[in-house]
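A short write-up of the structure that comes next.
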Amino acid sequence: MSILDHLNSAQREAAQTVAGPLLVLAGAGSGKTRVLTYRIAHLIDEQNVPSWAILAVTFTNKAAGEMRERVEQLVGTQTRWIGTFHSMCARLLRMEAEAFGLDPGFTIYDEDDRRALVRRVLQQHQVDPQALAPAAVIARISRAKNAMLDPGDMAAAAKGPAQQRLATLYQTYQQELRGNNAFDFDDLLTEMVRQFDQHPEVLARYQERFHYILVDEYQDTNRPQYLLCRQLAAAHRNFCAVGDDDQSIYQFRGADLRNILDFEQDYPEAKVVRLEQNYRSTGHILQAANAVIGNNQDRKGKALWTTSGPGELISLVQCETDRAEARYVVSTVRQLVERGEYEPGDTAVLYRTNAQSRTLEEELQRSGLPYQIVGGIRFYERKEVKDMLAYLRLLANPADDVTFQRIVNVPRRGVGDSSIQRLRRYAAQSELSLFAALARLEGLPELRGPARKSLVSFRDLLHGLAAERQQMDLAELGQAVYERSGYQAMLQDENTPEAEVRAQNIEQLISFMTEFSQTRTDPDLNGFLEEVALMAPIDETPENNQAVTLMTLHSAKGLEFPVVFIAGMEENLFPTSRCVEESRVNPLAMEEERRLCYVGITRACERLYLTYAGQRYAYGSLIYPEPSRFLSELPEELVTMQQESDPQPRRRTPAARHRLDGAADGPNRASTPPRRPAPARSGAHPARSGVHYEWDDPPAVEPVSPGTDTGDFMSPGCWVTHPRWGRGKILLREGHDERTKLTIQFGSQVKKVVAAYARLEPAG
DNA sequence: AGCACATGTTTTTTT
DNA sequence: AACATGTGCT
C-alpha cells in the first residue's frame with residue numbers, strides 16, 4: 001500500500017516521477033496541491049529522501065503553511081524549506097550575508113517606502129513629480145529589475161534623453177537603497193541570482209543540498225525566479241514545476257508565460273504530465289470556464305472535464321445599481337443559509353478591485369451575516385502599525401534613513417523640516433546615516449534650541465532601546481517602544497474612538513510579536529520584520545470558515561468555494577478600462593483579464609452568480625457601465641437571467657444629477673416620479689442608459705423597471721406564453737415596431753425572439 | 001512649527 | 001469618496 005494509491009493515474013504519475021525535470025500542467029481543480037503534497041510525502045516516506053533536501057516554493061505563505069501541515073499529517077515529518085520565492089531569498093540572503101558581504105539587518109522596503117524613496121530621488125535630481133510620476137518611475141525600475149537589467153544596462157540601452165534620465169534615476173534609487181541597507185521586493189530576487197552568480201561556491205552548497213525542487217504556480221514566475229530555479233536545479237535536475245498557463249494573472253508584475261510554455265526547450269529531457277480531470281466544479285460551471293478561456297489565442301490548450309453532473313445553471317444577475325448588487329448578494333446568501341443548503345462560510349464574493357468591497361461590506365454589516373474581507377486596508381499598512389514597525393526597523397537597521405525620517409517626529413516632538421534638513425546636510429557631509437549623525441550631534445552646533453533638545457531625547461530613546469534590546473524578548477521590545485516613544489501617551493491624550501482603535505491595533509501587533517516568539521525556534525527581530533514585510537493579504541487574514549469571504553479575484557487564486565459570486569461584471573471594471581484601452585493596440589492585452597475571469601469562474605464548486613450593475617459609483621461620481629464582454633462569451637444554455645432593482649434608489653449627488661439631467665431631456669423628464677430612479681432613455685446617450693443588457697448588436701433599449709405601466713403585454717416583467725417553450729417572463733425589449741426583439745426567460749432557458757414572428761400570447 | 005483649508009490624485013491586481 | 005500633498009496663515 002503506497003501513499004500514492006489515493007491519486008488518480010495522471011496524478012500518481014506526476015507524484016512518482018521524481019527523477020529529472022517534470023512539468024505538470026494542472027488545470028483548475030485538478031488536484032494540483034494534492035499532487036504536490038503527495039509527491040513530497042512520497043519522497044520522504046517511500047524514497048527515503050531527508051526532508052532538508054527538498055525545496056518547495058509556493059505562491060503565498062498561507063499555501064506554504066497548508067502544504068507543510070498536510071505533509072506532516074501524511075508522514076509525520078516537518079519540511080523546513082517550504083515558502084515563497086521572496087521569503088526563501090530573504091532567508092538565504094541573511095543566512096549567507098557574511099559570504100555575500102551584506103549586512104544581515106537589511107530592511108525590506110514595501111510599496112510605501114519605495115515611493116518615499118523615489119520621491120526623494122526625484123527631488124535630488126530636481127525632477128518635477130508632476131512631469132514624471134513617481135509611480136511611473138517605480139514601474140520602469142521594477143520592469144528593468146524583472147528583466148535583470150541594472151542601471152548600467154539601462155543606460156547603455158537608453159534611446160534618447162528621457163530614457164537616459166530614467167537610467168540615472170534608477171542608479172540613484174539603487175544607491176540610496178544600498179546606502180539605507182535596504183532591498184525592495186524585486187531586489188530580493190535579483191540580488192539572490194546575482195550573489196549566486198558571483199559566489200558559485202555558495203551556490204554549489206545549495207545545489208548539492210536541494211536534491212528535489214518543486215515550484216507551484218509556475219505560470220506566474222518571472223525572469224529572476226526562473227533563473228533562480230535554473231541555478232538551484234542545475235546539479236540534480238530534479239525540478240518539478242506545476243502550473244497552468246490559463247491561470248497566469250501576474251504578467252502585469254513581470255510574470256513570464258514563456259517560463260511554462262518553453263519548459264520543454266529549457267529541459268529537453270523533461271517529462272510532461274497533464275491533469276485535466278476536474279474534481280471541483282459542476283459540469284455547467286466547467287463548460288462556462290472552458291468557453292470563456294477558449295477565446296484566448298496564447299495558450300497551450302486544454303479542456304477540463306468532470307464526471308460530476310451538470311449542476312445548477314449559472315445565474316446572471318442584472319442589477320440596477322451597485323447597491324442593489326450588494327443587496328442581491330446578501331439576500332441570496334441569506335436565502336441559501338435559511339434553506340439550510342449552505343453555510344455563510346461556503347460562500348465567497350470576488351471582485352476586480354478592492355474599492356468594490358465597501359458597498360458589499362456595508363450591506364453585509366446590515367444583514368448581520370458573518371463576513372471577512374481579504375486585503376483592502378491591510379493590518380500592516382495601517383499608519384500606527386507602520387509607525388511602530390518603523391521604530392523596530394530602525395533598531396534592526398540604523399542605516400535606514402527613510403525609516404528614520406518616518407518617525408523622527410512621530411509622535412510630535414518639535415522636530416520640523418528645517419531641523420531635519422540640517423541634520424541631513426550634516427549627515428551627507430560626514431557620510432553618515434541620519435542615525436549615526438544624530439549620535440554625533442556635537443558636530444552640528446548650529447542646531448539649537450528646543451529642536452536640539454528634542455533630537456537629543458530622541459537619540460537617547462533609540463540608544464536606550466538598542467542597549468536593552470538583548471535583554472528583552474520581542475514583545476517586550478514592542479511594548480517598550482510603544483511606551484517610551486510617547487506613542488501610547490499620544491493616543492491616550494487624543495481621547496477619541498479612532499485613537500482607541502489605533503491603540504488596539506498596536507496592542508494586537510504586540511500580541512502577534514508574542515505569538516511569533518512562542519512559535520518560532522529562533523525568533524529574532526529580523527525574522528519578525530521579514531515575515532511582516534512579505535505577507536500577502538491572504539496570509540494576514542485569520543482562518544475563518546464561518547464567514548462569507550470577500551476578496552479580489554487575484555487573492556482567490558488557488559482557493560475554492562461551494563458558492564461564488566463575481567460582482568461588477570462590467571466593461572471598464574472587469575475588464576478594467578486600462579485593459580480595454582490597451583487592447584485596442586494589442587489584442588493580447590485582453591487575454592490576461594480573461595484568464596482572471598477564468599480563475600474566478602473555476603473557484604466555484606456548485607453555484608456561480610455573476611452580477612453587474614447599470615449604475616455605479618466610481619471616483620465619487622456616478623457612472624453607467626455596460627455589461628462585461630466576458631458575459632457574452634458564456635454559452636446561453638448555461639445561464640439563467642435575473643434582474644434586481646434597487647428598492648431604495650440612492651439620492652443622487654449634485655454632480656450626478658447634473659450629468660443625468662444633461663443626458664435625459666425628453667418631455668417626460670419632469671414628470672418622472674421622484675421615488676423611482678429615472679428610467680434610462682434610449683437613443684440619446686446609450687452609454688449612459690440605465691439598466692439593460694445586450695447580447696450582441698447594440699440595441700435601442702427600453703426602460704427595464706418592473707411594473708412599467710405601458711399596458712402592453714410585451715413589456716419587460718410581463719409573462720407570456722410561447723407555443724413551443726411555454727410560459728416565460730420578458731426580461732428585455734429592444735428595437736421598435738416589427739424589429740422589436742424580446743429576451744425571455746422560459747424556465748431556466750433564456751431565449752431571444754423577434755416579437756413580430758414569435759406567436760406570443762399574454763399569460764397570467 | 002503646526003494648523004486649517006484647498007486642491008489634486010487615485011483604482012487594477014500583489015510579492 | 002478618501003487620501004495625500006500643497007499653501008497660506010497664525
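Order of the sequence lines fixes the chain letters, A, B, ..., with proteins taken first and strands second; residue numbering starts at 1 for each chain.
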Minimum-distance nucleotide to [X] side chain [options: [options]]:
{"X": "A:Y619", "options": "C:dA2, B:dT11, B:dT13", "answer": "B:dT11"}
{"X": "A:T353", "options": "B:dA1, C:dA1, B:dT11", "answer": "B:dT11"}
{"X": "A:R119", "options": "C:dT5, B:dT14, B:dT11", "answer": "C:dT5"}

Looking for any heavy atom pair under 4.0 Å, which part of the strands does [X] touch: base, sugar-phosphate only, or nothing?
{"X": "A:N409", "result": "sugar-phosphate"}
{"X": "A:T221", "result": "nothing"}
{"X": "A:D110", "result": "nothing"}
{"X": "A:S418", "result": "sugar-phosphate"}
{"X": "A:S555", "result": "sugar-phosphate"}
{"X": "A:T552", "result": "sugar-phosphate"}
{"X": "A:E111", "result": "base"}
{"X": "A:D186", "result": "nothing"}

- Item | 5' priority, DNA chain B, between A:I538 and A:E593 [closest heavy atom] |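 The residue closer to the strand's 5' end, by nearest nucleotide, is A:E593.
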- Message: Please compare A:A135 and A:R114 by the position of their nearest nucleotide in DNA chain B and report the one closer to 5'.
- Response: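 The residue closer to the strand's 5' end, by nearest nucleotide, is A:A135.
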Whole angstroms only, please: what is the [atom1]-[atom2] distance between [X] and [N]?
{"X": "A:E362", "N": "C:dA2", "atom1": "CD", "atom2": "C1'", "result": "13 Å"}
{"X": "A:I373", "N": "B:dT13", "atom1": "CD1", "atom2": "P", "result": "14 Å"}
{"X": "A:N572", "N": "B:dT11", "atom1": "CG", "atom2": "C1'", "result": "13 Å"}
{"X": "A:M551", "N": "B:dT11", "atom1": "CE", "atom2": "P", "result": "22 Å"}
{"X": "A:N222", "N": "B:dT14", "atom1": "CG", "atom2": "P", "result": "17 Å"}
{"X": "A:D322", "N": "C:dA1", "atom1": "CG", "atom2": "P", "result": "12 Å"}
{"X": "A:I623", "N": "C:dA1", "atom1": "CD1", "atom2": "P", "result": "15 Å"}
{"X": "A:L350", "N": "B:dT14", "atom1": "CG", "atom2": "P", "result": "12 Å"}

Side-chain N or O of [X] versus OP1/OP2 of [N]: is the shortest distance under 4.0 Å?
{"X": "A:T60", "N": "B:dT14", "result": "no"}
{"X": "A:N354", "N": "B:dT14", "result": "yes"}
{"X": "A:R412", "N": "B:dC3", "result": "yes"}

- Taking the inter-plane angle between the rings of A:Y609 and A:F565 on a 0 to 90° scale, is it parallel (under 30°), tilted (30 to 60°) or perpendicular (over 60°)?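 A:Y609 and A:F565: parallel rings.
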- Message: If the test is side-chain hydrogen bond (donor to acceptor under 3.5 Å, both in side chains), which one of A:D184, A:N222, A:D150 qualifies with A:K145?
- Response: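 For A:K145, the side-chain hydrogen bond (donor to acceptor under 3.5 Å, both in side chains) check succeeds only for A:D184.
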- Message: Which residue is it: A:R253, A:R143, A:R114? I am looking for the one with a side-chain hydrogen bond (donor to acceptor under 3.5 Å, both in side chains) to A:D186.
- Response: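 Single pass found, and it is A:R114.
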- Message: Under the criterion of centre distance below 5.5 Å and interplanar angle below 30°, is A:Y250 classified as stacked on the base of B:dT13?
- Response: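 No, A:Y250 does not stack on the base of B:dT13.
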- Message: side chain to side chain contact (heavy atoms under 4.5 Å, CB included), that's the test. Do A:F239 and A:C229 meet it? Break it down for me.
- Response: CA-CA 8 Å; A:F239 175 45; A:C229 292; 3.7 Å; yes
- Query: Should we say atom CZ of A:R520 is surrounded by more than 12 heavy atoms from elsewhere, each under 6.0 Å from it?
  - Reply: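 Correct, the count exceeds 12.
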- Message: Please tell me whether A:S555 and A:T552 have a donor and an acceptor in their side chains that are separated by less than 3.5 angstrom.
- Response: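 Checked: A:S555/A:T552 side chains pair up, N/O donor to acceptor below 3.5 Å.
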